[in-house]
Amino acid sequence: MNRLFARGILALAGAATLMAQQPAPAPQPEPAAAPSSPVAKQPQPKSKGELESLQALFNAQTPDARIAAADELVTKYADTEFKDLALFFAAMSFEQKGDVEKAIIYGERALEANGENYNTMLLLARLTAQRTREHDLDREEKLTRVENYVKSVEKILATAPRPNPQITDEQWATAKKDLMAQGYEALGLAALARKKYGDAAAEFKKAMDNSSQQDPATMVRLGAAYNLDGKHDEAIAVLDKVIAMTDVHPQVKQYAQAEKVRATQAKAGGAKPAQPATPPGTVEIKRP
């Protein structure tokens, strides 16, 4: 799901950069014959200095540079309308660095700045579900939080306006399905933490059905959930598709191959497969 998520963020960043670099156009009347859905209010920089800080954030090429630029923006311009976006970028960058704890902290700060930032809710849902383990004393508290994040996203997206005027109604409808796919994947990870493997498989399947582009990592998680649920034929069928892909990250293909071996052995021996060597929820792509 990360690939789709990254595309959404890049599109948002590109739109915000374009908006920040150009003066807002004079409002034009909508043609009566071609009505369109509402567009969200576009944030605006309040000064040249804020604009320069925004450009530094959007042009940053490394996680550390993005984090530094985000911190500078929200520190120097406390009233910036881009606060939640900057903190969200920082949260994503901390995740990229492998610092999940700080990613969650910055994500929570982003939600404090904008309680309807659905991108942040999805990030927090996924990270919280991934780091929750079966024997955590606060397991149910964390997994309930995951469920509440996803419910909130679903409610917000039901009436959410288009993020910017360049996105058509059709593109926004597709984007909303992709966003909900991320939510279903988080619910699948939560179900894995509860050892409810059938529920996990159902959520991963919903994630795949709602995605405009299939994510191999999600497919591996679906295969692992099928495997743990004793549905070895279904697991092998999904994993074979991943193995046959030519543009899959080697790490993901390795997980798919190992999971297929477990499914094949379990099917032959009639025994339930052992837990995957790497929990399905931790299959993450570190892209070069």
Side-chain angles (χ1 to χ4, degrees), residues 1-24 40-128 130-131 149 163-164 166-167 175 178-179 182 186 213 215 217 247 249-252 282-288:
M1 206 64 60
N2 288 346
R3 179 163 52 189
L4 293 172
F5 201 36
R7 286 184 177 182
I9 298 310
L10 289 174
L12 180 59
T17 303
L18 180 63
M19 176 280 305
Q21 292 175 335
Q22 299 177 353
K41 179 181 179 294
Q42 302 299 291
Q44 297 287 337
K46 299 179 179 66
S47 67
K48 181 180 178 181
E50 183 182 348
L51 172 58
E52 291 173 349
S53 290
L54 281 167
Q55 290 170 336
L57 172 62
F58 295 135
N59 293 332
Q61 299 299 307
T62 66
D64 286 332
R66 281 190 296 275
I67 292 166
D71 281 338
E72 179 181 358
L73 175 65
V74 300
T75 300
K76 291 179 66 175
Y77 306 97
D79 64 343
T80 179
E81 296 178 6
F82 293 87
K83 184 175 182 178
D84 64 310
L85 179 62
L87 292 170
F88 173 65
F89 270 45
M92 290 285 289
S93 299
F94 274 118
E95 184 195 10
Q96 189 177 353
K97 284 165 58 70
D99 192 338
V100 176
E101 190 68 35
K102 284 190 177 177
I104 290 176
I105 290 172
Y106 271 72
E108 290 173 344
R109 288 179 61 193
L111 270 190
E112 289 175 2
N114 177 4
E116 296 201 348
N117 188 320
Y118 43 81
N119 281 304
T120 297
M121 290 180 191
L122 290 170
L123 173 67
L124 289 173
R126 175 167 54 81
L127 293 179
T128 302
Q130 283 177 342
R131 71 199 301 259
Y149 282 138
N164 66 66
Q166 286 75 40
I167 296 178
D178 280 336
L179 288 164
Q182 296 173 38
Q213 183 176 349
D215 182 13
D247 59 346
H249 190 282
Q251 185 183 18
V252 174
T282 66
V283 178
E284 293 300 319
I285 314 296
K286 294 185 178 179
R287 304 196 180 281

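Values in this document were obtained by computation on a predicted structure and should not be read as measured data. One-based numbering along the sequence shown.
Checked against salt bridge (Lys or Arg N to Asp or Glu O under 4.0 Å), K48 has no partners two or more places apart in sequence or in another chain.
No salt bridge links K76 with E52; every basic N to acidic carboxylate O contact stays at or beyond 4.0 Å.
Nearest heavy-atom pair across A91 and G107 is CB-N, 3.7 Å. Taking every heavy atom of both residues into account, A103 and L127 meet most closely at CB-CD1, 3.8 Å. The minimum heavy-atom distance linking K97 with P63 is given by the pair CG-CB, 3.7 Å. Taking all atoms of both residues into account, the shortest heavy-atom contact from E95 to R126 is OE2-NH1, 2.5 Å. Here the closest non-hydrogen pair linking P163 and A40 is O-CB, 4.1 Å. S93 and R66 get closest at one heavy-atom pair: OG-NE, 3.0 Å.
In this structure, L123 CG and Y118 OH are separated by 14.5 Å, a value rounded to the nearest 0.5 Å. Summarising the geometry, atom OG1 belonging to T128 is positioned 5.5 Å from atom OH belonging to Y149; distances are rounded to the nearest 0.5 Å. Between atom CG of residue L179 and atom CG of residue N119 there is a gap of 6.0 Å, rounded to the nearest 0.5 Å. Here the CD1-CG distance, from I105 to L87, works out to 12.0 Å after rounding to the nearest 0.5 Å. Here the straight-line distance linking atom CG of L73 with atom CG of L51 works out to 10.5 Å at 0.5 Å rounding. Rounding to the nearest 0.5 Å places CG of D178 at 7.5 Å from CD of Q182.
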Pair E81-K46, salt bridge (Lys or Arg N to Asp or Glu O under 4.0 Å): steps then yes or no = CA-CA 9 Å; E81 296 178 6; K46 299 179 179 66; 3.8 Å; yes
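Within the 4.5 Å cutoff, side-chain heavy atoms of I104 are placed close to those of R131. No side-chain heavy atom of I67 sits less than 4.5 Å from a side-chain heavy atom of K102. For the pair F82 and S53, the minimum side-chain heavy-atom distance is 4.5 Å or more. You'll find the side chain of F88 stays beyond 4.5 Å of the side chain of D84, heavy atoms only. Looking at heavy atoms from C-beta onward, Y106 lies out of side-chain contact with D99 at the 4.5 angstrom threshold.
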